[in-house]
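To start, I am sharing the structure in question, which I have written as C-alpha cells.
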Amino acid sequence: MAGASIVGAYNTQFGSFVQKNRETGEIRDTRTIYQLMDEAIRGAVEDSGFAPEEIDAVWVGAFAPGLFTGQDHLGPYALEAFPEAFRFKPAQRVEGACASSSMAVLNAIYGIESGRYRTALVVGVEKMNLLKSTGVTHALAGASFWPSEGGTGMTFPGLFAEYAKGYRSRYGLGDEEFRRMLASAGALMYRNGVLNPLAHFGKGGPSDRSQLFTADAIMELPEEKNPMVADPLRLHDCSLVSDGAAALVIARTDIARARKEAVVEFAGIGHTTERLAIADRENMHELIAAKLAVAQAFGEAGVAAKDLKAVEVHDCFTVNQLLCTEALGLSKDGEAGRDYVAGRFSPGDACPVNLSGGLKAKGHPVGATGASMHVLLYKQMLGKPIGAARAAGVPEVTATLNVGGSAVTNSVTVLRRSR
Ligand code: COA
C-alpha cells in the first residue's frame, strides 16, 4: 500500500475565547470558529511547504458545530482559508464525537491509500464556549445514547463515573487510594500543561496559579475548589471546555519523502466501535474496543507497547487516562493508577504520556482533539516540541489513542519517523 505521512501541522492556542458580561449574561465571541479554522489551515499548509493548489481533498472534524455556534456544513468553510486554490475541491465534515478529527485523519489516509488523492488536508475544530455550561453539557450528551442516557439527564462526567466505579470495584481500591491515583494522573497533565504555550490551562492559568502539580495539592483543595461533579469524579478530574483548532497536511509517503527531510509516517491504524449505550456493555473497568483498536494498529505497524516513545491519550476524565494507558499496554491492567502515583509517564519516562498536557490542561475542543494529538506528536518527532520534551531524546515511534463518546468511537494511530 502506498502509505501516508504527515508533512505539515499547526495547532492554534486552545482556551476560552469569549467575553462574558456577568450582568446581562451576554457572551461575545473573541475568536470565531471561522478564525480558528483559517488560522489552523493556513498554518498547516505553510508548515508543509506544499502550495495550497497541491492539496487534493479536505476533511473537517467537528462534533457539534451547529449546536455550539449555529454553523453546520463546515466542510465547505475550509475552502475559505485559500478560496482561489481550494474552490471546487472535495471537502466534507466527519463526525465521531470527541474523535471527530481522528475520523477525519483516517478518511484522509483512506483517500490517499486508495490512490485517488496524493495529498489531503485535515482540520479539527470546536468552538464550545459560546454556550453556557448547561448548553455545553446538553450538546455533549448528544454523543451518548439519547433515549437511555442524554435524554434522561445522564452527562459525560456521569458516564465516565460509571467507568471509574467499575475500575475501583474491579481492583478493590479504597476511596482515598483511588482518589490519589486520579489526582496523580491529573497533576502530571497540569505540570506538562504549564510548559505548553498553546495550553488552555497553561502558564499563569488556574492550575499554575494554584500550583496543582502534585496529587497532594489537588487532594488538599477545599471542597468548593474541587467539588464532586459525578461521584467519584471531581472538577479536577474533568477535561476542559475549550475553543480551538488543529490541522495537518498528509501526503502519500513517496511524495512526502521526495519533498521533506524528515517524514512521519502512519505506520499503523486501528478503528473500532463499541455499542453506543453503556448498558449494553460488560467490563466497565477496561476499554475493550480501544484495546482491539490498539491491537489492529500495533499489528499493522509491527510494534509493541515497549516500542512507543511518547503517546497522546484521551484523558477526557482522569479515569480514562488510566484506562487508555492500560489499553496501550503501557501499564498492566489494574496497574496504571499505581504507576501514575509512582511518577511514571512524566517527560523523564521512557514513554511519556501527554507531553502536551492532554485534554486536562492543553484543553479539549472536542472536534479538534484528534488532530491536535497528531500535531503535537509530529512536532515532538521532528525534535521541535511545543512545550515539554521527552528527556530521553526525540521519539521515533509514537501513538495516539483518541476516544469518542463514552469510549465508543476509538481511533489508534502509530506514527513512525522514517528519516
Ligand atoms: N477542570 C478544572 N477546573 C475547571 C474545569 C475543569 N474541567 N472547568 C472549569 N474549571 C474552573 C474554572 O477555571 C473556574 O475557576 P475560577 O472560579 O477559579 O475562575 C471554575 O472552575 C468554574 O468554572 P465554570 O466554567 O463555571 O465551570 P463549570 O461548572 O461550568 O464546568 C465542568 C465544570 C466540569 C462541568 C466542565 O469543565 C465540563 O463539563 N468538563 C467536561 C467536558 C466534557 O465532558 N468533555 C467531553 C468529554 S468526553
Checklist entry - Considering only heavy atoms from C-beta outward, does the side chain of Lys309 approach that of Glu396 to under 4.5 Å? => result no
Item to check | NZ/NE/NH1/NH2 to OD/OE distance under 4.0 Å, Asp237 and Lys360 | outcome: no
Next on the checklist: Does any part of the side chain of Pro197, heavy atoms only, come nearer than 4.5 Å to the side chain of Lys203, both counted from C-beta?
Outcome noted: no
Checklist entry - Any Lys/Arg nitrogen of Arg416 or Glu265 sitting under 4.0 Å from an Asp/Glu carboxylate oxygen of the other? => result no
Checklist entry - Are Asp349 and Arg390 close enough for a salt bridge, meaning some N to O gap below 4.0 Å? => result no
Next on the checklist: Taking Glu39 first and then Arg31, would you say they form a salt bridge - that is, a charged N and a carboxylate O separated by under 4.0 Å?
Outcome noted: yes
Item to check | Sub-6.0 Å ring centroid separation between His314 and His364 | outcome: yes
Next on the checklist: Please determine whether a side-chain nitrogen of the Lys or Arg among Asp29 and Lys127 lies less than 4.0 Å from a carboxylate oxygen of the Asp or Glu.
Outcome noted: yes
Checklist entry - Between Phe86 and Phe82, how do the two ring planes meet: parallel, tilted or perpendicular, split at 30° and 60°? => result perpendicular
Item to check | 4.5 Å side-chain heavy-atom contact, Tyr190 and Asp208 | outcome: no
Checklist entry - So do Ile269 and Val412 actually touch side chain to side chain, heavy atoms under 4.5 Å? => result no
Checklist entry - Should Arg118 and Asp254 count as an ion pair when the cut-off is N to O under 4.0 Å? => result no
Item to check | Heavy-atom closest contact (Cys351 atom, Val311 atom, distance) | outcome: SG-CG1, 3.9 Å
Checklist entry - Are the charged groups of Arg180 and Glu177 less than 4.0 angstrom apart, N to O? => result no
Show which side-chain atoms of residues 220-230 pair as donor or acceptor with protein atoms under 3.5 Å away, not counting sequence neighbours.
| unit_1 | atom_1 | unit_2 | atom_2 | d |
| --- | --- | --- | --- | --- |
| Glu223 | OE1 | Arg234 | NH1 | 3.2 |
| Glu223 | OE2 | Arg234 | NH1 | 3.3 |
| Asn226 | OD1 | Leu235 | N | 3.3 |
| Asn226 | OD1 | His236 | N | 2.9 |

Checklist entry - Should the pair Asp175-Arg168 be classified as a salt bridge under the 4.0 Å nitrogen-to-oxygen rule? => result yes
Checklist entry - Which heavy-atom pair separates Asp47 from Ala9 by the least distance, and what is that distance? => result OD2-N, 2.8 Å
Checklist entry - How about Val414 and Phe298: do any of their side-chain heavy atoms sit closer than 4.5 Å? => result yes
Next on the checklist: Check this for me: does any side-chain nitrogen of one of Arg259 and Glu54 sit under 4.0 Å from a carboxylate oxygen of the other?
Outcome noted: yes
Checklist entry - For the ring pair Tyr167 and Tyr171, is the centre-to-centre distance below 6.0 Å? => result yes
